[in-house]
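What follows is a short report on a single structure.
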Amino acid sequence: MERSSILNKTTCPYCGVGCGIEIATDEQGKTTVRGDTDHPANFGKLCSKGSTLAHTLVEEGRLLHPKINGLRASWDQATQFIGRQFQQILDQHGPGSVAFYVSGQLLTEDYYVANKLMKGFLGSANIDTNSRLCMSSAVAAHKRAFGEDAVPGCYEDLELADLMILTGSNTAWCHPILFQRIKAAKEQRPKMKVVVIDPRKTASCEIADLHLPIKPGMDVKLFNGLLHYLAEHHKLDTTYIADHSDGIHDTLTYARQDAADLDQVATACDLPVQDIATFYHWFAQHDRTVTCFSQGINQSSQGTDKGNAIINCHIATGRIGKPGATPFSLTGQPNAMGGREVGGLSNQLAAHMEFNASDLKRVKHFWKAPNMATHAGLKAVDLFDAIERGGVKAIWIMGTNPVVSLPDADQVKRALQKAQLVVVSDCIEHTDTSAFAQVLLPAAGWGEKDGTVTNSERRISRQRGVLTSAGEARQDWRILTDVARAMGYSSQFPYQTAGDVFREHAALTGLANNGKRQLDISELETLSDAEYDSLQPIQWPVMDDMGSDRLYGNGRFSTQNKRAQLVPVRSKPTAHLLTQQWPLALNTGRVRDQWHTMTRTALAPPLTAHKAEPYVELHPDTARIYGIQPHSFVKVSSQWGSVTLKADITDSIRPGDVFVPMHWNDQWSRNSRIGAVVNPAVDAISGQPESKHTPCLIEPWQPQWTGFLFSRKNRAVPESHYAAKVRGEFFYRYELAGTQPVHNWHDVLEQLNLSEDNLSLLYEDPHSKSYRCAWTDEAGIQACVFIGPADSSTIRDADRGWLSSLFAKAELSPLERKALLSGKSPAGVEDCGRTVCACFGVGEKTIRKAIKENNLTNAAEVGQLLKAGTNCGSCVAEIKGFL
Ligand SMILES: Nc1nc2c(c(=O)[nH]1)N[C@H]1C(S)=C(S)[C@@H](COP(=O)(O)OP(=O)(O)OC[C@H]3O[C@@H](n4cnc5c(=O)[nH]c(N)nc54)[C@H](O)[C@@H]3O)O[C@H]1N2
Ligand SMILES: Nc1nc2c(c(=O)[nH]1)N[C@H]1C(S)=C(S)[C@@H](COP(=O)(O)OP(=O)(O)OC[C@H]3O[C@@H](n4cnc5c(=O)[nH]c(N)nc54)[C@H](O)[C@@H]3O)O[C@H]1N2
Ligand code: SF4
Ligand SMILES: [Mo]
């Protein structure tokens with residue numbers, strides 16, 4: 001790839017690290033990506049997801065045209081239809097009857113137009129975002145402590161810290177490039193200490209000097225205990241407290257009442273006293289402390305208090321906005337921060353302004369808005385409740401997949417069934433949510449759209465539209481602008497380009513600001529189109545053409561009296577307690593190589609191999625008590641719903657807890673959408689759901705048959721009780737299990753939507769209840785299916801890797817044909833096992849074998865021999881596990 005111009009530079013659409021990327025397309029039209037060496041987030045590095053982005057730039061599955069009631073429509077028809085429907089519902093039922101549900105994956109420009117249309121023109125603040133499920137507790141904690149939703153630190157602080165605390169964050173998998181930066185800093189300065197606070201022993205523990213496997217939900221207790229300890233040991237910065245903060249007396253009183261006794265803290269958190277003492281001692285010792293927190297903190301019925309319990313310790317030690325010293329909320333989505341800037345949450349107005357009389361008046365005037373919303377709108381969980389109850393009648397969902405990602409996700413289905421109007425804008429045609437849409441709008445995707453995103457360190461970077469949009473897909477800001485115009489607001493929505501929207505947003509951040517709000521990028525309101533196109537990554541606030549790396553270092557905050565607020569907090573139990581009926585704690589979260597509801601990452605073969613099927617992590621003791629065998633099927637249920645998954649028995653999880661990834665859904669599996677099991681309890685202040693704790697039960701699930709299907713052709717996921725679809729480079733694989741008895745293959749095949757016509761190979765044994773067949777033609781193997789009883793070792797041990805490799809061949813050798821239905825490669829072809837290193841496609845068996853045969857003793861040696869772990873590094877923890 002030639003070194004590309006600035007216009008080929010863009011930003012990764014996955015996590016909030018916000019890595020810079022260069023896109024290039026060669027003469028054959030093949031697109032490649034690589035890290036942008038000039039971008040200050042990643043300096044050229046990319047993780048497994050970022051470096052495989054080109055695999056996701058395919059037309060497969062894309063929504064190409066607008067549709068109304070399933071029929072193709074023109075953009076004009078769709079726009080007019082939506083405008084008319086929204087107006088009718090507004091006229092009949094008032095502003096409270098309409099809503100938008102948007103996403104931290106929209107660009108700031110998209111978000112700005114959506115927020116303006118809803119809050120200024122449709123007259124309601126019923127626009128909420130999936131950031132409600134993600135960042136809203138951190139937002140609320142920031143506002144309480146600093147008077148504004150602002151992250152004080154920058155990425156450099158992660159490298160400068162002497163004590164790095166990662167709490168409720170699996171940084172190694174979810175913010176991999178930041179993790180690599182921390183790891184490299186620790187390698188350079190081995191005295192840097194890392195503490196991981198997480199009920200699970202995650203991949204992030206690879207660099208931990210101390211891991212605290214805290215009892216779920218107990219973080220407030222742990223940090224209150226820390227604050228009390230610091231006070232007792234005279235480690236508070238009393239000058240800083242006196243000069244720059246309010247609330248020390250009550251905050252310390254609460255902390256003492258909640259967590260004065262170390263033994264009691266240890267019991268409540270279920271941690272060894274000595275480990276807590278070490279953690280407190282290290283915190284007391286190191287001025288340069290950074291505390292990174294993410295969903296283990298935010299996704300809690302006490303998420304806001306957890307955030308403040310952490311921030312309290314930083315304020316009370318004066319460790320804010322200084323080099324190597326800051327609390328650090330890691331944002332999840334690429335533009336979770338940008339969405340907050342424009343007011344994507346229903347309880348914010350815009351540009352960090354609030355629903356008070358003066359802000360409302362100002363923004364109304366600035367927007368020339370005829371129908372300003374007067375008060376905050378519904379938060380996500382309440383919004384979908386209101387849809388089901390009939391109060392909200394029209395909903396437009398953009399860039400998010402709530403039937404998968406909201407808690408009590410079957411309730412979301414009921415709500416969408418009930419709604420009078422459901423509009424869905426997405427890049428993908430078939431999602432669990434789009435199934436409920438009356439109007440479907442094709443959105444331009446990553447690489448096709450233009451705008452900006454803001455990462456975790458407040459850095460605004462450009463996403464650039466380098467590629468042509470698929471079909472008739474359009475950018476979200478443009479779709480919204482057209483609807484606004486159709487509703488009669490042409491003069492207030494005059495935008496021709498994303499740059500037009502950006503300039504207006506920038507201007508609004510400066511409105512009556514005068515240093516009151518840190519979010520001020522008004523200097524950028526005069527950017528020309530060319531300057532906007534070549535905008536370099538820059539951190540807000542922007543002052544004298546310069547970005548700002550740190551905030552509040554001078555001890556002056558965004559509150560009215562400019563003082564930080566210590567917030568008295570008390571630990572509380574989780575919203576739902578474990579009971580005899582629901583005795584286990586369900587924790588949910590992410591895996592390294594999948595992104596959310598899999599609409600993109602599941603298309604990239606290098607990413608699908610790491611964790612191919614939906615699974616539940618459980619401790620060996622838990623497995624024993626509930627009679628669960630390794631790799632067997634497990635039914636996980638709660639009072640809200642149930643799923644069927646495969647058991648992953650591991651001592652990296654606490655006995656009594658279970659962990660399920662959030663990703664799998666009806667497009668890639670059956671009966672494994674964990675959102676249906678997750679409880680809908682929310683934090684009372686932020687409205688963020690408690691996705692990390694649901695009382696549940698597990699039971700073995702016994703199928704009548706198990707099997708798998710390989711197919712060159714893409715097929716719908718079969719209707720069997722259990723199914724998981726995996727995309728390979730030349731094939732799709734479906735792991736299957738069903739409930740009907742197997743004496744009749746034909747019933748099973750019918751359920752799998754397969755016909756026995758044109759079979760090339762068949763093996764059938766009624767006695768062992770085994771059925772295997774394959775279809776081949778002059779273009780090689782087309783499909784094969786293996787079915788056997790639940791305990792079939794042929795099904796279990798069949799070499800999927802070898803079978804996959806046959807699809808790469810134009811024809812099968814006689815030997816391969818002969819071996820095919822045995823599921824075992826003929827001698828000489830190696831089974832590499834499950835892919836561990838996604839970057840170089842190195843399998844578990846290959847790594848284990850190399851370690852054994854060459855007596856390798858560390859990950860670097862494995863890397864030297866096999867390359868595994870030498871690119872993005874996120875599999876190194878796993879490789880160490882094998883060593
Ligand atoms: N690979 C990948 N990366 C991603 C994403 C993805 O989908 N895939 N999504 C992005 C998004 S939007 C987000 S929000 C981030 C999320 O990033 P993270 O928050 O790091 O990810 P999670 O896996 O949701 O949860 C983090 C950890 O919290 C722990 N936890 C659970 N309960 C508690 C508790 O009570 N206390 C503490 N201290 N810890 C607890 C869990 O065991 C889990 O390991 O990731 C971003 N990056
Ligand atoms: N159980 C459980 N549930 C969770 C979580 C958890 O930890 N546990 N985490 C929560 C968190 S932190 C988050 S952030 C959410 C994420 O959950 P979702 O937002 O539901 O997940 P995504 O799969 O990212 O959905 C994005 C959708 O937008 C589409 N899309 C992508 N780009 C664009 C675009 O530019 N325009 C438009 N219009 N569409 C686009 C994609 O195809 C996809 O369908 O899940 C939450 N739900
Ligand atoms: S760390 Fe995040 S932003 Fe960077 S390449 Fe990976 S997914 Fe993309
Ligand atoms: Mo998120």
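Just follow the structure's listing: the first ligand is 1, and inside any ligand the first atom is 1.
Checked against the 6.0 Å centroid threshold, F659 and Y615 do not count as a close aromatic pair.
Protein heavy atom at the shortest distance from atom 19 (O) of ligand 2 is N130 ND2, 2.7 Å. For atom 18 (P) of ligand 1, the nearest protein heavy atom (residue, atom name, distance) is S294 OG, 3.5 Å. Scanning all protein heavy atoms for the shortest distance to atom 13 (C) of ligand 1 gives G332 CA, 3.2 Å. From the protein, the heavy atom lying nearest to atom 27 (C) of ligand 1 is D198 OD2, 3.2 Å. At the top of the distance list for atom 14 (S) of ligand 1, counting protein heavy atoms only, stands Q295 NE2, 2.8 Å. Nearest protein heavy-atom neighbour of atom 25 (O) of ligand 1: K692 CE, 3.3 Å. In this structure, the protein non-hydrogen atom closest to atom 4 (C) of ligand 1 is W595 CZ3, 3.5 Å. Protein heavy atom at the shortest distance from atom 8 (N) of ligand 1 is Q594 O, 2.7 Å.
Residue contacts with ligand 1, taken as heavy atom pairs separated by less than 4.0 Å, involve C174 via backbone and side-chain atoms alike. By the criterion of a heavy-atom distance under 4.0 Å, the side chain of V678, and not its backbone, is placed next to ligand 2. Only the side chain of T599 comes within contact range of ligand 2, with a heavy atom under 4.0 Å; no backbone atom does. At a heavy-atom distance under 4.0 Å, no atom of M598 approaches ligand 1. Counting heavy atoms closer than 4.0 Å to ligand 2, residue A444 contributes backbone atoms (N, CA, C, O) but none from C-beta onward. For D219, every heavy-atom contact with ligand 1 shorter than 4.0 Å involves the side chain, none the backbone. If you look at W173 next to ligand 1, the close heavy atoms, those under 4.0 Å, all belong to the backbone.
For the pair S329/H142, a side-chain contact is recorded, criterion being any heavy-atom separation below 4.5 Å from C-beta on. Annotation: side chain of K692 is not in contact with side chain of S300 (no heavy-atom distance under 4.5 Å). Counting heavy atoms from C-beta outward, C12 and L53 have side chains that approach closer than 4.5 Å. Looking only at side-chain heavy atoms (C-beta outward), W595 and R590 stay at 4.5 Å or farther from each other. By the 4.5 Å heavy-atom criterion applied to side chains, N665 and W668 are counted as neighbours. With a 4.5 Å cut-off on side-chain heavy atoms, I653 and P199 do not count as touching. Looking only at side-chain heavy atoms (C-beta outward), H693 and Q299 stay at 4.5 Å or farther from each other. Side-chain contact between P573 and L577: present, with at least one pair of heavy atoms (C-beta onward) separated by less than 4.5 Å.
The existence of a salt bridge linking D270 and R654 is confirmed by a sub-4.0 Å separation between a basic side-chain nitrogen and an acidic carboxylate oxygen. The pair E60-R727 meets the salt-bridge criterion, with a side-chain N (NZ, NE, NH1 or NH2) lying under 4.0 Å from an Asp/Glu carboxylate O. Under 4.0 Å is where a charged nitrogen must lie from a carboxylate oxygen, and between D258 and K221 at least one such pair does.
Using a 4.0 Å cut-off to heavy atoms of A443, the atoms of ligand 2 that qualify are 36 (N), 37 (C), 38 (N). Interface of Q105 with ligand 2, defined as ligand atoms under 4.0 Å from a residue heavy atom, comprises 19 (O), 22 (P), 24 (O), 26 (C). Numbered from 1 in the order shown, with element, the atoms of ligand 1 that lie under 4.0 Å from a heavy atom of T202 read 44 (O). Every atom of ligand 1 is numbered from 1 in the order shown, and the set under 4.0 Å from a heavy atom of K49 is 1 (N), 2 (C), 3 (N). Each of the following atoms of ligand 1 lies closer than 4.0 Å to a heavy atom of R592: 1 (N).
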### Message
For V423 and I397: C-alpha separation, side-chain torsions, deciding distance, then whether side-chain contact (heavy atoms from CB on, under 4.5 Å) applies.
### Response
CA-CA 6 Å; V423 181; I397 299 168; over 6 Å; no
### Task
Applying side chain to side chain donor-acceptor pair (under 3.5 Å), run through N130 and Q333 and close with a yes or a no.
CA-CA 10 Å; N130 64 359; Q333 299 175 91; 2.9 Å; yes
### Message
Could you go through S169 and T171, starting from their C-alpha distance and side-chain angles, then the distance that decides it, and tell me whether this counts as side chain to side chain donor-acceptor pair (under 3.5 Å)?
### Response
CA-CA 5 Å; S169 160; T171 327; 2.7 Å; yes
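The N/O atoms of Q333, backbone and side chain alike, include none that comes under 3.5 Å of an N/O atom in ligand 2. Considering backbone and side-chain atoms together, Q299 places an N or O closer than 3.5 Å to an N or O of ligand 2. Of the polar atoms of D593, none of the N or O atoms is found under 3.5 Å from an N or O of ligand 1, judged by distance alone. Any N or O atom pair closer than 3.5 Å counts here, and C134 shares no such pair with ligand 2. Considering backbone and side-chain atoms together, R200 places an N or O closer than 3.5 Å to an N or O of ligand 1. An N or O contact shorter than 3.5 Å links G217 to ligand 1 by distance. Polar contact check, I297 against ligand 1: no nitrogen or oxygen pair lies under 3.5 Å apart. Taking distance alone, with nitrogen or oxygen atoms compared against 3.5 Å, K215 stays at or beyond that limit from ligand 1.
For the residue pair N401/T599, the side-chain donor-acceptor check at 3.5 Å is not satisfied. Under 3.5 Å, the side chains of T11 and Q463 contain no donor-acceptor pair of N or O atoms.
Using a 4.0 Å heavy-atom cutoff, Q475 is absent from the residues neighbouring ligand 2. Distances shorter than 4.0 angstrom occur between a heavy atom of D476 and an atom of ligand 2. Assignment of V591 to the shell around ligand 1 is supported, since a heavy atom sits closer than 4.0 Å. For the ligand labelled ligand 1, residue M135 lies outside the 4.0 Å heavy-atom shell. At least one heavy atom of K306 sits closer than 4.0 Å to an atom of ligand 1. For the ligand labelled ligand 2, residue C427 lies inside the 4.0 Å heavy-atom shell. For the pair H663 and ligand 1, a heavy-atom separation below 4.0 Å is found.
Proximity annotation for atom 20 (O) of ligand 2: of S405, P442, P13, S405 comes nearest, heavy atoms only. For atom 30 (N) of ligand 1, the nearest non-hydrogen atom from the set P199, P216, P334 belongs to P199. The closest heavy-atom contact to atom 26 (C) of ligand 1, among the options G168, G589, S131, comes from G168. Of the candidates H596, M662, R590, it is R590 that places a heavy atom closest to atom 11 (C) of ligand 2.
Each of R62, R464, R478 was scored for a salt bridge (charged side-chain N to carboxylate O under 4.0 Å, His left out) with E448, with one residue passing: R62. In summary, of the residues considered (T481, D482, L480), a side-chain contact (heavy atoms from CB on, under 4.5 Å) with R474 occurs for D482 alone.
In terms of heavy-atom proximity, D450 sits nearest to Q475 at N-OE1, 2.9 Å.
Heavy-atom contacts from other residues, nucleotides or ligands closer than 6.0 Å to NE2 of H430 number 12 or fewer.
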